[in-house]
A.B. asks: 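Below: one structure in structure tokens.
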Amino acid sequence: MTDIAITALAHRDLDFNSPLSDVRAVGLIHSLRPLAGARILDLGCGWAELLLRLLEAEPTATGVGVDTHEAALERGRANAAARGLSDRVRLEAADAVATAANGTGGPVDVVTAIGVTHAWGGARHTLEAVRPLLRPGGRFLFGEGFWERPPTARASAGLKARPEDFLSLSELVDLAIGCGYRPLAVSVANADEWDSFESRWCGGLERWLLEHPADPAAGKVRAVADEHRDGWLGGYRGVLGFAYLTLAASTAPSAPSRWVHRGSTSGRALGAGNEASDSRRSWTADAPDDGGMETAYEIRAIGPEALEQLRVRDDAGRVPRPVRDDEGGSPLRCCLKRSLPGEAILPVAYAPLRRWAAATGADPGPYEEVGPVFIHPGPCSGPDGDGVPEQIRGERRVCRAYTADGRIKEGVLVDPGHPEAAGSIEEALAELFASPDTALAHVRAVEFGCFTYEARRREG
């Protein structure tokens, strides 16, 4: 029996392929109004149950759902025919990423994409891919997992996911705002919805096993059910959350989010990469006198003047040459973000301590290092702020502190899976900058030692 066939068995008792109750589905449909005459696109629709309910709620709406699993689409087509909706819905065997990239023959009013960010390689790329499909003011129902609390090793193993694969809830909303949306509604699956979803997922396999005890595939199906149940009950239950964001395509130019990191470092935070971090970190709305504590440090990318020089001749005396990053994901030190697939990047040799020392009058002596970094070949927008950059977090990092005379003072390992290491960049930097002798710190990759960015003590 193929993995797809086993998945179909697991899905057979589910109404939706996510932790979603009938009551919450009604609320989500209501949040997408007005729907009169709406064109709706469901990316990764599965058997398109939510799309069908949207069309039932508004008789003048039409919809298209795309998915690569033909068996799920056939189930959806049969449901549409039974409910008299076949004339208003089209379910196509197609790739969601390709569909979004090719457009839909004009802007649509509503897009839904629930639990499919893996197809784009993360939440940010999904949000960015959907935005051009929507008319101004169009709505996007975005369903995505998030960390309710820092993941344990068992939680990550149960999901076959890394800490950096998900954000906290506040960061997920913040990311959506930064990608050109305004949040109309934020809803989170509760424990009952999660338990019902996971129990019925496993139950679909268990019921098949009762019906086919002697089937040659029974051993494989039983193993899948046991592994999934153990991953859920023994791993990510209560750790992974699931959010439903109803977003409106903003009609105003994109602007930085209103969320400001105030630098809380209490507790063991989540060390993460790409776009993930600790759900226990303190994020507060940007309002006067909100009681937030500003960090003792500010994060710095490579500055504009240094970038201009590096693009001409790097710190090893080389004339750099741009390369095409076919896969994307390279950490860019000019904007503290990751490159997009197919984007041109410029590998250069960079001496961060040398440049800091030249500006401060220090003499780092033998502590000076030159190493490879990636930057954009031309000017870019720069980092979004002076907090820890979300896109280029790493699961394991080392934070190395320097004194004002350029000597290495100490280092702190960031590793969420190590009981004696710091759990987050913020925690490590807070520990280092608690000492008045720390003038700056480098955040570096553990395995290769590459410089990622620096943190400098705030003046005043």
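Values reported hereafter were calculated over all heavy atoms of this structure, with side chains retained and with hydrogens, waters and symmetry mates removed.
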A.B. asks: For residues 63-72, pull every pair meeting side-chain hydrogen bond (donor to acceptor under 3.5 Å, both in side chains), keeping only residues two or more places apart or in separate chains.
C.D. replies: E70-R77

A.B. asks: Is there side-chain contact between L32 and T246, with at least one heavy-atom pair below 4.5 Å?
C.D. replies: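 Yes, at least one pair of side-chain atoms sits under 4.5 Å.
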
A.B. asks: Salt bridge check: are E227 and K160 linked by an N-O gap of less than 4.0 Å?
C.D. replies: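 Counted as a salt bridge, because a side-chain N and a carboxylate O are separated by less than 4.0 Å.
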
A.B. asks: Identify the heavy atoms of G103 and L133 that sit nearest to each other, and give their distance.
C.D. replies: CA-CD2, 4.0 Å

A.B. asks: Between E128 and K337, does a salt bridge (charged side-chain N to carboxylate O under 4.0 Å, His left out) hold up when you go through it step by step?
C.D. replies: CA-CA 14 Å; E128 291 173 340; K337 299 173 183 175; over 6 Å; no

A.B. asks: Measure the spacing between CD1 of I6 and NE2 of H228 and express it to the nearest 0.5 Å.
C.D. replies: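 Reported to 0.5 Å precision, the distance equals 13.0 Å.
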
A.B. asks: Taking R333 for its side chain and P331 for its backbone only, find out whether a donor-acceptor pair lies under 3.5 Å.
C.D. replies: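 Here the side-chain-to-backbone pair exists.
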
A.B. asks: Are the side chain of R396 and the backbone of V446 linked by a donor-acceptor contact shorter than 3.5 Å?
C.D. replies: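 The answer is no, because no donor-acceptor pair under 3.5 Å joins these two groups.
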
A.B. asks: Quick check: closest heavy atoms across G342 and R324, and the distance to 0.1 Å?
C.D. replies: O-NH1, 3.5 Å

A.B. asks: Give me the atom names and distance for the closest heavy-atom approach of V370 to A349.
C.D. replies: CG1-CB, 3.7 Å

A.B. asks: Would you mind checking if E198 and R200 are paired as a salt bridge, meaning a charged N to carboxylate O distance below 4.0 Å?
C.D. replies: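 Salt bridge: no.
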
A.B. asks: Using a strict threshold of under 4.0 Å (side-chain N to carboxylate O), is an ion pair present between E427 and R397?
C.D. replies: no

A.B. asks: Can a donor-acceptor pair be found between the side chains of S31 and Y244 at a distance below 3.5 Å?
C.D. replies: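 S31 vs Y244: no donor-acceptor pair found between side chains.
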
A.B. asks: Using the rule side chain to side chain contact (heavy atoms under 4.5 Å, CB included), only one of V110, I114, V111 pairs with L141; which is it?
C.D. replies: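 The single option meeting the side chain to side chain contact (heavy atoms under 4.5 Å, CB included) with L141 is I114.
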
A.B. asks: Counting N and O atoms only, with roles assigned by atom type, does the side chain of R444 sit under 3.5 Å from a partner on the main chain of G449, one being a donor and the other an acceptor?
C.D. replies: yes

A.B. asks: Under a 4.0 Å threshold between the charged nitrogen and the carboxylate oxygen, would R53 count as salt-bridged to D22?
C.D. replies: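 Judged by the 4.0 Å cut-off on N to carboxylate O distance, D22 and R53 do form a salt bridge.
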
A.B. asks: Decide yes or no on side-chain hydrogen bond (donor to acceptor under 3.5 Å, both in side chains) for T403 and D437, but give the supporting numbers first.
C.D. replies: CA-CA 6 Å; T403 59; D437 294 335; over 6 Å; no

A.B. asks: How far apart are the C-alpha atoms of V224 and D3, what are their side-chain angles, what is the distance that settles it, and do they pass the side-chain contact (heavy atoms from CB on, under 4.5 Å) test?
C.D. replies: CA-CA 9 Å; V224 170; D3 291 342; 5.9 Å; no

A.B. asks: How are the rings of W208 and H212 set relative to one another: parallel (under 30°), tilted (30 to 60°) or perpendicular (over 60°)?
C.D. replies: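 Because their plane-to-plane angle is under 30°, the rings of W208 and H212 count as parallel.
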
A.B. asks: Whether the side chain of Y181 engages the backbone of L175 through a donor-acceptor N/O pair (distance < 3.5 Å, no angle test) should be reported.
C.D. replies: no

A.B. asks: What's the spacing between I177 CD1 and S250 OG if we round to 0.5 Å?
C.D. replies: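 The CD1 atom of I177 sits 10.0 Å away from the OG atom of S250.
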
A.B. asks: In the structure I gave you, are the side-chain heavy atoms of V221 and E206 within less than 4.5 Å of one another anywhere?
C.D. replies: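 They are not in contact (no side-chain heavy atoms under 4.5 Å apart), so the answer is no.
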
A.B. asks: Considering only NZ, NE, NH1 and NH2 on the basic side and carboxylate oxygens on the acidic side, decide whether R207 and D13 come within less than 4.0 Å.
C.D. replies: yes

A.B. asks: Name all residues meeting the side chain to side chain donor-acceptor pair (under 3.5 Å) criterion together with R24; count only those two or more places apart in sequence or in a different chain, and write none if there are none.
C.D. replies: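 Scan of R24 (side chain to side chain donor-acceptor pair (under 3.5 Å), adjacent residues dropped) gives S187, E193.
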
A.B. asks: If you look at every heavy atom in A428 and V414, which pair is closest and at what distance?
C.D. replies: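 Of all heavy-atom pairs spanning A428 and V414, the closest is CB-CG2, 3.6 Å.
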
A.B. asks: For the aromatic rings, using the six-membered ring if either is Trp, is the centroid distance between Y297 and F433 under 6.0 Å?
C.D. replies: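 Judged by ring-centre distance (under 6.0 Å), Y297 and F433 do meet the cut-off.
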
A.B. asks: Should we say atom CZ of R90 is surrounded by more than 12 heavy atoms from elsewhere, each under 6.0 Å from it?
C.D. replies: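 For R90, atom CZ is not crowded (no more than 12 foreign heavy atoms under 6.0 Å).
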
A.B. asks: Given the rule in the side-chain contact (heavy atoms from CB on, under 4.5 Å) test, do L91 and V89 qualify, once you have shown the distances and angles that lead to the verdict?
C.D. replies: CA-CA 7 Å; L91 302 182; V89 67; 3.8 Å; yes

A.B. asks: Taking all non-hydrogen atoms of both residues into account, name the closest pair between R457 and P436 and its distance.
C.D. replies: NH2-CA, 3.9 Å

A.B. asks: How about R139 and L247: do any of their side-chain heavy atoms sit closer than 4.5 Å?
C.D. replies: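 R139 does not reach L247 side chain to side chain.
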
A.B. asks: Could you tell me whether the side chain of C335 reaches within less than 4.5 Å of the side chain of C380, counting heavy atoms only?
C.D. replies: yes

A.B. asks: For Y350, run the ring-ring contact (aromatic ring centres under 6.0 Å, His included) check against W356, F451, F374 and tell me which one passes.
C.D. replies: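 The passing option is F451.
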
A.B. asks: Drop me the distance from L55's CG to L51's CG, to the nearest 0.5 angstrom.
C.D. replies: 5.0 Å

A.B. asks: Tell me yes or no: between the side chains of D325 and S339, is some donor less than 3.5 Å from an acceptor?
C.D. replies: yes

A.B. asks: Less than 4.5 Å apart, any side-chain heavy atom of L73 and any of W47?
C.D. replies: no

A.B. asks: Taking D165 for the side chain and R162 for the main chain, is one N or O donor matched with an acceptor at less than 3.5 Å?
C.D. replies: yes

A.B. asks: So, applying side chain to side chain contact (heavy atoms under 4.5 Å, CB included) with I425, which one of V388, T452, V412 is it?
C.D. replies: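 Running side chain to side chain contact (heavy atoms under 4.5 Å, CB included) over V388, T452, V412 with I425 returns exactly one hit, V388.
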
A.B. asks: Quick check: F146 with F242 (ring centres under 6.0 Å apart)?
C.D. replies: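 Centroid distance F242-F146: not below 6.0 Å, so no.
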
A.B. asks: Tell me the closest heavy-atom pair linking P341 and E327, and the distance in Å.
C.D. replies: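 The pair with the smallest heavy-atom distance is CG-O, 3.6 Å.
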
A.B. asks: Would you sort out whether C179 and R131 count as a side-chain contact (heavy atoms from CB on, under 4.5 Å), showing the intermediate values?
C.D. replies: CA-CA 8 Å; C179 289; R131 180 66 180 79; over 6 Å; no

A.B. asks: How long is the straight-line distance from CG of L52 back to CG of L85, given to the nearest 0.5 Å?
C.D. replies: 6.0 Å

A.B. asks: Got a second to check how far E298's CD is from E454's CD, nearest 0.5 Å?
C.D. replies: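 Atom-to-atom, E298:CD and E454:CD are 9.5 Å apart.
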
A.B. asks: Can you find a heavy atom in the side chain of Y236 that is under 4.5 Å from one in the side chain of T152?
C.D. replies: no

A.B. asks: Taking the side chain as everything from C-beta on, heavy atoms only, tell me whether F166 gets closer than 4.5 Å to P151.
C.D. replies: no

A.B. asks: Given side chains that start at C-beta, do those of L41 and V130 come closer than 4.5 Å, heavy atoms only?
C.D. replies: no

A.B. asks: Any donor-acceptor pair under 3.5 Å linking the side chain of R154 with the backbone of G234?
C.D. replies: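 Flag set: sc R154 to bb G234 pair under 3.5 Å.
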
A.B. asks: Flag the pair R222 and D215 as a salt bridge only when some basic side-chain nitrogen lies within less than 4.0 angstrom of an acidic carboxylate oxygen.
C.D. replies: no

A.B. asks: Nearest 0.5 Å please: distance from the CH2 atom of W201 over to the OG atom of S196.
C.D. replies: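 Output value for this atom pair is 14.5 Å.
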
A.B. asks: When you measure from the side chain of R338 to the backbone N and O of G329, does any donor-acceptor pair fall under 3.5 Å?
C.D. replies: yes

A.B. asks: Look only at the side chain of D230 and the backbone of D226, and say whether a donor-acceptor pair between them is shorter than 3.5 Å.
C.D. replies: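 No, because the side chain of D230 does not come within donor-acceptor range (under 3.5 Å) of the backbone of D226.
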
A.B. asks: Considering residues at least two apart in sequence or located in another chain, which fulfil the side chain to side chain donor-acceptor pair (under 3.5 Å) criterion with R400?
C.D. replies: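 Side chain to side chain donor-acceptor pair (under 3.5 Å) check on R400 returns E369, Y402.
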
A.B. asks: Before you tell me yes or no, could you show the steps for L127 and W120 under side-chain contact (heavy atoms from CB on, under 4.5 Å), namely the whole-Å CA-CA distance, both residues' side-chain angles and the distance that decides it to 0.1 Å?
C.D. replies: CA-CA 9 Å; L127 288 160; W120 280 271; over 6 Å; no

A.B. asks: Would a distance-only check, ignoring hydrogens and angles, find a side-chain to backbone donor-acceptor pair under 3.5 Å from W147 to P163?
C.D. replies: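 Such a contact is found between W147 side chain and P163 backbone.
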
A.B. asks: Using modelled atom types and a 3.5 Å cut-off, is there a donor and acceptor pairing between side-chain atoms of T438 and backbone atoms of L432?
C.D. replies: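 Present.
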
